[in-house]
Amino acid sequence: MARAKIALIGAGMIGGTLAHVAAREALGDVILFDIAEGTPQGKALDIAEASAVFGQDVALKGANDYADISGADVCIVTAGVPRKPGMSRDDLIGINLKVMKAVGEGIKQHAPNAFVICITNPLDAMVWALQKFSGLPKEKVIGMAGVLDSARFAYFLAEKTGVSVQDIHAWTLGGHGDDMVPMVRHSTVGGLPLPDAVAAGFLSQADLDAIVERTRKGGGEIVALLKTGSAFYAPAESAIAMAKSYLLDQKRVLPCAVWLSGEYGLSDLYVGVPAMIGANGVEKIVEFTTNDDEKAMFAKSVASVQGLIQACKDIEPSL
Ligand code: TXD
């Protein structure tokens, strides 16, 4: 059987890391696409040469022409600009909306059967716009943010409690902004929901509160350290987990930005909720029970996403 074809739209820091991980895991042949000439070709060649060391038979190619993504099974979109210190994700909206238009049209023309994972910020608004510009089915266009935010939450919990990251299950819902909603009652350490883990002495309430806050600001913490861009290793790993669930029909339930039509009492927008990803794309949305506090936090986060979508409509009235 032919190998899967994975098109990476944007060959910057995340795009290059995605290409490396996808090739090492032999997830499929990789096309790295970018408007910058030479960058996708150089990265593709570098990783192709590395394949002789890590021993996987996958093809890698750099491209500046959308025709090269033809027939892609998966497209992962990182095209656009990242944050610089002092910028919020929302500051990127004007530039990245134009980029989504070009990318959406390219995918529509050359890879209309692909499963599309958007990573570009501000995430929830950009995936919404990308779905509109591409016209692809809503269950085949999703956004990556929740896997990353939840991974940060899980890592901080592992670091504090000393429990293996493998035995921590953390969930972060809502939009990919500083008002995202780390789900304390639904996240577990060694099977214990976090309030029980506090009662059992794994960590103090003050530690937990600090971790929730650090998770919300996790992206900014890395931007402040790197100074020249934003996180890329953990974002790439997160999108690979989502792509793998689709390509291998794993049916993993992962927090993803998905189109809601009535779930969580919301419609006509993309926001982060747990979704089952299989060979048909988004196959099921899992609705967590929420208490009043969680509902209020979720509503606040959703209001920010709605504000960003409105800003997109103001910039691009055709949306
Ligand atoms: O959780 C999440 N969703 C995120 C999102 C976590 C971290 C970073 N996140 C966002 O991903 C970040 O704010 C950016 O919007 C994207 C990509 O981040 P990356 O760090 O990879 O940015 P780079 O290194 O600047 O790469 C962007 C590439 C660069 O090579 C540009 O030349 C290219 O995008 N680019 C384009 N490619 C194709 N088509 C167009 N129009 C285009 N414009 C720029």
Side-chain angles (χ1 to χ4, degrees), residues 7-21 31-44 62-66 68-69 75-85 87-107 110 116-130 133 142-153 172 174-178 180 215-223 225-242 254-257 270-272 305 308:
L8 307 174
I9 318 286
M13 298 308 289
I14 301 178
T17 311
L18 283 167
H20 190 195
V21 177
I31 299 290
L32 259 173
F33 172 94
D34 204 290
I35 44 165
E37 284 178 21
T39 308
Q41 289 82 0
K43 290 192 180 185
N64 302 115
D65 184 341
Y66 273 106
D68 284 302
I69 74 162
C75 293
I76 308 181
V77 178
T78 58
V81 291
R83 284 196 279 172
K84 300 248 160 37
M87 285 172 91
S88 81
R89 294 177 179 95
D90 306 356
D91 294 334
L92 306 173
I93 203 162
I95 303 172
N96 287 352
L97 185 63
K98 285 200 190 74
V99 174
M100 289 307 101
K101 186 163 196 225
V103 173
E105 286 163 2
I107 292 175
H110 298 284
V116 178
I117 302 171
C118 180
I119 301 186
T120 303
N121 269 329
L123 190 270
D124 307 87
M126 291 302 105
V127 64
W128 173 87
L130 185 62
F133 288 133
I142 66 172
M144 188 296 291
V147 176
L148 170 66
D149 297 329
S150 303
R152 288 178 173 148
F153 193 14
T172 309
H176 182 53
D178 292 351
M180 66 180 75
T215 301
R216 288 204 171 107
K217 304 209 165 112
E221 184 177 356
I222 304 258
V223 170
L225 288 166
L226 294 181
K227 296 182 185 72
T228 53
S230 49
F232 52 99
Y233 293 114
E237 285 289 350
S238 303
I240 291 285
M242 293 161 68
L254 299 168
C256 307
Y270 273 85
V271 77
V305 173
L308 289 170

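We count residues from 1, following the sequence as given. Counting convention: from 1, in listed order, for ligands and their atoms alike.
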K.L.:
Using a strict cut-off of 4.0 Å, indicate which atoms of ligand 1 neighbour a heavy atom of V81.
P.N.:
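The atoms of ligand 1 under 4.0 Å from a heavy atom of V81 are 13 (O), 14 (C), 15 (O).
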K.L.:
Please check this pair: side chain of D149 against backbone of R216, looking for a donor-acceptor N/O pair closer than 3.5 Å.
P.N.:
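Not at all, since once roles are kept as given, no pair shorter than 3.5 Å links the two residues.
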K.L.:
Using a strict cut-off of 4.0 Å, indicate which atoms of ligand 1 neighbour a heavy atom of N96.
P.N.:
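Going through ligand 1 atom by atom, the ones under 4.0 Å from N96 are 15 (O).
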K.L.:
What protein heavy atom lies closest to atom 5 (C) of ligand 1? Include the residue and the distance to one decimal.
P.N.:
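Sorting protein heavy atoms by distance from atom 5 (C) of ligand 1 puts I119 O, 3.0 Å first.
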K.L.:
So which protein heavy atom does atom 20 (O) of ligand 1 come closest to, and at what separation?
P.N.:
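Ranking protein heavy atoms by distance from atom 20 (O) of ligand 1, first comes M13 CB, 3.7 Å.
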K.L.:
Between the main-chain N or O of A129 and the side-chain N or O of K101, is there a donor-acceptor pair closer than 3.5 Å?
P.N.:
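Looks like no, no N/O pair under 3.5 Å.
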K.L.:
Can you report which non-hydrogen protein atom sits closest to atom 29 (C) of ligand 1, along with the distance?
P.N.:
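For atom 29 (C) of ligand 1, the nearest protein heavy atom is D34 OD2, 3.5 Å.
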K.L.:
Identify the heavy atoms of D124 and V305 that sit nearest to each other, and give their distance.
P.N.:
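So the minimum-distance heavy-atom pair works out to CB-CG1, 3.7 Å.
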K.L.:
Out of curiosity, R89 CZ to L123 CG, how far, rounded to the nearest 0.5 Å?
P.N.:
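Here the interatomic distance stands at 9.0 Å.
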K.L.:
Would you tell me which option among A145, C118, G80, G143 has the nearest heavy-atom contact to atom 34 (O) of ligand 1?
P.N.:
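Comparing heavy atoms across A145, C118, G80, G143, the nearest one to atom 34 (O) of ligand 1 lies in G80.
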K.L.:
I need the nearest protein heavy-atom contact for atom 37 (N) of ligand 1: residue, atom name and distance, please.
P.N.:
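Checking every protein heavy atom, the shortest distance to atom 37 (N) of ligand 1 gives A79 CB, 3.4 Å.
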K.L.:
Tell me: protein heavy atom nearest atom 16 (C) of ligand 1, and distance?
P.N.:
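So the nearest neighbour among protein heavy atoms is T78 O, 3.6 Å.
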K.L.:
Do side-chain atoms of S230 reach the backbone of V223 as a donor and acceptor pair under 3.5 angstrom?
P.N.:
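No, the answer is negative, given that no donor and acceptor are paired below the 3.5 Å cut-off.
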K.L.:
Which one of I9, V99, V127 has a non-hydrogen atom at the shortest distance from atom 40 (C) of ligand 1?
P.N.:
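Nearest heavy atom to atom 40 (C) of ligand 1 lies in V99.
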K.L.:
Taking T78 for the side chain and G10 for the main chain, is one N or O donor matched with an acceptor at less than 3.5 Å?
P.N.:
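Here the side-chain-to-backbone pair exists.
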K.L.:
Heavy-atom contacts with F33 under 4.0 Å: which atoms of ligand 1 show up? List them by number with element.
P.N.:
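Answer for ligand 1: 38 (C).
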K.L.:
Within ligand 1, which atoms have a heavy atom of L92 less than 4.0 Å away?
P.N.:
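In order of numbering, the contacting atoms are 13 (O).
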K.L.:
Say whether, by atom type as modelled, one donor and one acceptor occur between the side chain of D90 and the main chain of P122 under 3.5 angstrom.
P.N.:
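The answer is no, because no donor-acceptor pair under 3.5 Å joins these two groups.
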K.L.:
Which part of L123 is near ligand 1, with near meaning a heavy atom under 4.0 Å away: side chain, backbone, both or neither?
P.N.:
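The part of L123 near ligand 1 is the side chain, not the backbone.
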K.L.:
Backbone N or O of A79 within a donor-acceptor pair of the T120 side chain at under 3.5 Å?
P.N.:
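Answer holds: yes.
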K.L.:
Please confirm whether the backbone N or O of D34 pairs with a side-chain atom of N64, one donor and one acceptor, at under 3.5 Å?
P.N.:
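A pair under 3.5 Å: yes.
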K.L.:
From atom 25 (O) of ligand 1, work out which of P82, G12, A257, G229 has a heavy atom at the shortest distance.
P.N.:
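The residue whose heavy atom sits nearest atom 25 (O) of ligand 1 is P82.
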K.L.:
Could you check whether any side-chain N or O of K43 sits under 3.5 Å from a backbone N or O of A11, counting only pairs where one atom can act as donor and the other as acceptor?
P.N.:
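Yes: the side chain of K43 pairs with the backbone of A11.
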K.L.:
In ligand 1, which numbered atoms sit nearer than 4.0 Å to a non-hydrogen atom of L148?
P.N.:
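Selected atoms, number and element: 1 (O), 6 (C).
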K.L.:
Could you tell me whether Y66 and ligand 1 have an N or O pair separated by under 3.5 Å?
P.N.:
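It does not: no N or O of Y66 is found under 3.5 Å from an N or O of ligand 1.
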K.L.:
E221 side chain to G218 main-chain N or O, any donor-acceptor pair under 3.5 Å?
P.N.:
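Not a single qualifying donor-acceptor pair exists.
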K.L.:
Closest heavy-atom contact between A239 and I76?
P.N.:
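Distance-wise, the nearest heavy atoms are CB-CG2, 4.2 Å.
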K.L.:
Who's the nearest protein heavy-atom neighbour of atom 21 (O) of ligand 1, and how far?
P.N.:
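Nearest protein contact, heavy atoms only, for atom 21 (O) of ligand 1 is I14 N, 2.9 Å.
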K.L.:
Identify the protein heavy atom lying closest to atom 9 (N) of ligand 1, giving its residue, its atom name and the separation to 0.1 Å.
P.N.:
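Here the closest protein heavy atom is N121 ND2, 3.4 Å.
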K.L.:
Between M144 and ligand 1, which part of the residue brings a heavy atom under 4.0 Å of the ligand: side chain, backbone, both or neither?
P.N.:
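Both backbone and side chain.
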K.L.:
Among all protein heavy atoms in this structure, tell me which lies nearest to atom 39 (N) of ligand 1, with the distance rounded to 0.1 Å.
P.N.:
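Sorting protein heavy atoms by distance from atom 39 (N) of ligand 1 puts I35 CG2, 3.7 Å first.
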